[in-house]
Amino acid sequence: MTTSKKYLDTLSICLLFLIAACLPAALHKLSDIILPITTALAVLLLILYISKISNNRREGIAFSILLSYYLVGFYLASIIPQISDIPHGAIRSSLALIKNIGACAALSIVTLSALRKGVKPNTWTLMFCVCVGIATLLPVQNNQVKLQYLANSFIPIALLITFISLKSQAPDLPSYSNTNIRPWAVLLLLSAPIGALISLVLIPPEYFLEQQSAKGYELISGYPRPWWTNIGDNLYLRFPGTSEDPILFGYITAAVSLALISEKKKALAILTILLTFISMSKGAIIWLIGSLILSVLSEKLKQKRLVYFASSSAIIALYLQGASNLKTSASVHLVGLLSPIQNALSSPGIESMLGHGIGSSGNILKSYLMGDLSHDDWLSGGAESGLGLVIYQSGLLGGITLALATFSAFKKLKSPLSKSAWAIYWINALMQENLVNLNYLICLFVVIYAAEQAYINSKLNLKRKTL
């Protein structure tokens with residue numbers, strides 16, 4: 001692809017994005033039926049165009065669907081309810097359903113293809129799936145919450161780990177293809193200020209009040225509680241960007257930054273790194289900076305195992321230090337991690353080993369109960385901790401097999417950057433429930449995909465030069 005062609009493609013995406021972003025406002029006089037259909041067609045055209053200019057059509061379509069959910073879906077969910085009678089929840093649920101089905105179907109196809117070729121799945125991953133299956137059969141208070149956690153957390157985790165394990169064993173499976181993150185970086189940079197304008201200025205406080213009341217929270221100066229972060233003795237408003245959740249926006253920008261760095265697109269990477277910092281998503285910043293430092297150290301030093309172990313220990317110590325300061329939110333995350341473990345160890349039995357059932361705890365349950373859940377019960381269920389949530393819902397066996405399965409997948413990765421990003425991500429998951437959600441797992445997948453392909457390309461180029 002020539003330089004002029006690349007710039008032309010990038011400019012075309014910018015124009016298409018602006019058209020898609022402005023379309024709902026331009027069509028506000030149309031009926032409620034025509035409006036979402038027309039908007040969906042515009043988004044579809046955007047997806048097809050991006051897939052057309054991607055280096056590989058199949059993977060281009062997959063990337064387009066997943067990332068369009070973040071970048072364009074936000075506008076559909078935030079603008080349409082302001083100009084029509086379609087409720088926000090219906091739009092958001094529809095988008096989430098499409099995203100979940102698309103991501104899980106894509107990974108399932110690869111998994112089935114590998115199994116048909118006789119590739120054996122990882123033992124620890126299989127055992128984790130068995131633990132999840134048993135926990136799914138256990139009765140819980142709300143079956144809708146069970147389905148939410150299965151679709152958003154447990155099934156995507158199992159599929160992602162299985163994909164990485166099988167890919168390393170089956171070289172004749174569809175390979176990692178050349179990626180092109182540049183158009184998405186430009187799209188992200190364009191959408192961030194528009195998204196911030198909508199979130200911080202145009203959306204009325206009543207919109208957030210209804211949403212947060214369902215979780216038992218009150219607004220702080222007109223904005224949701226999770227939009228604020230404690231730094232020292234002060235509260236600071238995070239930058240929401242294209243997401244209703246500034247923490248998710250931080251992970252999106254961090255993922256794009258790491259992917260750009262793997263493709264050696266440094267200028268755009270600097271801009272997306274700045275977006276990560278202004279999002280003030282501490283977990284995303286640790287993931288970004290930790291992955292970069294760890295990958296450099298693992299490349300330079302011979303004792304790679306010692307580097308990964310020491311770096312992981314340092315990050316965990318950093319979290320523990322933050323948790324000791326009651327003025328930060330880290331203390332709540334630590335309680336969410338330790339409470340299920342302590343309860344399981346103090347009262348051993350079938351429930352502690354096999355869990356309380358999928359959907360028996362967590363932030364989604366609290367939202368369904370309209371905040372009618374005590375703070376102690378909420379934290380004892382592993383809320384605010386990815387591993388704590390898994391242990392409470394699928395038992396100590398579920399937590400142990402998940403830890404071993406992620407470590408096994410870590411050993412299958414080749415690129416220092418992908419190995420580092422994988423390790424830091426799951427360390428962060430100890431203290432963040434969000435990271436066992438499909439939205440965040442997709443961010444991890446984008447980084448692994450781009451970094452592994454860049455590593456393969458570098459090795460091939462080096463081999464060609466030596467011939």
Side-chain angles (χ1 to χ4, degrees), residues 124-125 127-158 160-161 215-216 226 283 316 319-320 323 329-407 425-441:
W124 296 116
T125 306
M127 292 183 67
F128 173 67
C129 292
V130 171
C131 292
V132 172
I134 295 172
T136 302
L137 298 176
L138 299 176
V140 293
Q141 186 175 359
N142 191 309
N143 286 323
Q144 288 185 331
V145 177
K146 176 185 291 189
L147 293 175
Q148 287 267 19
Y149 272 112
L150 282 172
N152 281 299
S153 299
F154 289 92
I155 292 176
I157 289 173
L160 178 60
I161 296 174
K215 300 179 182 180
I316 293 173
Y319 276 126
L320 293 176
S329 59
S331 57
V332 176
H333 295 275
L334 184 62
V335 173
L337 169 64
L338 296 180
S339 290
I341 300 175
Q342 291 174 343
N343 293 337
L345 294 177
S346 62
S347 56
I350 294 178
E351 197 172 64
S352 63
M353 298 303 293
L354 301 180
H356 297 76
I358 305 299
S360 57
S361 64
N363 289 327
I364 295 178
L365 177 63
K366 185 175 183 179
S367 178
Y368 268 82
L369 294 178
M370 302 296 288
D372 187 19
L373 186 68
S374 71
H375 188 73
D376 291 340
D377 289 341
W378 173 63
L379 286 178
S380 64
E384 299 299 323
S385 165
L387 182 60
L389 183 84
V390 170
I391 290 175
Y392 185 86
Q393 295 192 12
S394 61
L396 285 173
L397 289 178
I400 293 170
T401 52
L402 173 60
L404 292 171
T406 54
F407 179 70
Y425 182 93
W426 288 108
I427 291 172
N428 278 2
L430 296 175
M431 305 286 279
Q432 284 189 273
E433 179 184 342
N434 316 49
L435 299 194
V436 294
N437 183 284
L438 181 57
N439 289 340
Y440 294 80
L441 292 168

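For this chain, numbers begin at 1 and follow the sequence in order. Below, all heavy atoms of this structure are taken into account, side chains as well, without hydrogens, waters or symmetry copies.
More than 12 heavy atoms of other residues, nucleotides or ligands sit less than 6.0 Å from atom CH2 of W426. The environment of CD1 in I350 is sparse: at most 12 heavy-atom neighbours from other residues, nucleotides or ligands sit within 6.0 Å.
Checking side-chain atoms of S352 against main-chain N and O of G349 turns up a donor-acceptor pair under 3.5 Å. For the pair S385 (side chain) and L430 (backbone), a donor-acceptor distance under 3.5 Å is present.
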Show, in sequence, the C-alpha distance, side-chain angles and deciding distance for N143 and L147, and conclude whether the side-chain contact (heavy atoms from CB on, under 4.5 Å) test is met. CA-CA 6 Å; N143 286 323; L147 293 175; 5.7 Å; no
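No side-chain heavy atom of F154 sits less than 4.5 Å from a side-chain heavy atom of T136. Under the 4.5 Å side-chain criterion, counting only non-hydrogen atoms from C-beta, L441 is in contact with Y425. Annotation: side chain of L138 is not in contact with side chain of I358 (no heavy-atom distance under 4.5 Å). V132 places a side-chain heavy atom less than 4.5 Å from the side chain of L150. No side-chain heavy atom of S360 sits less than 4.5 Å from a side-chain heavy atom of L365. Using a 4.5 Å heavy-atom cutoff, the side chains of E384 and N363 are in contact.
When each of T125, I161, L160 is paired with T406, the side chain to side chain contact (heavy atoms under 4.5 Å, CB included) condition holds for I161 and for no other.
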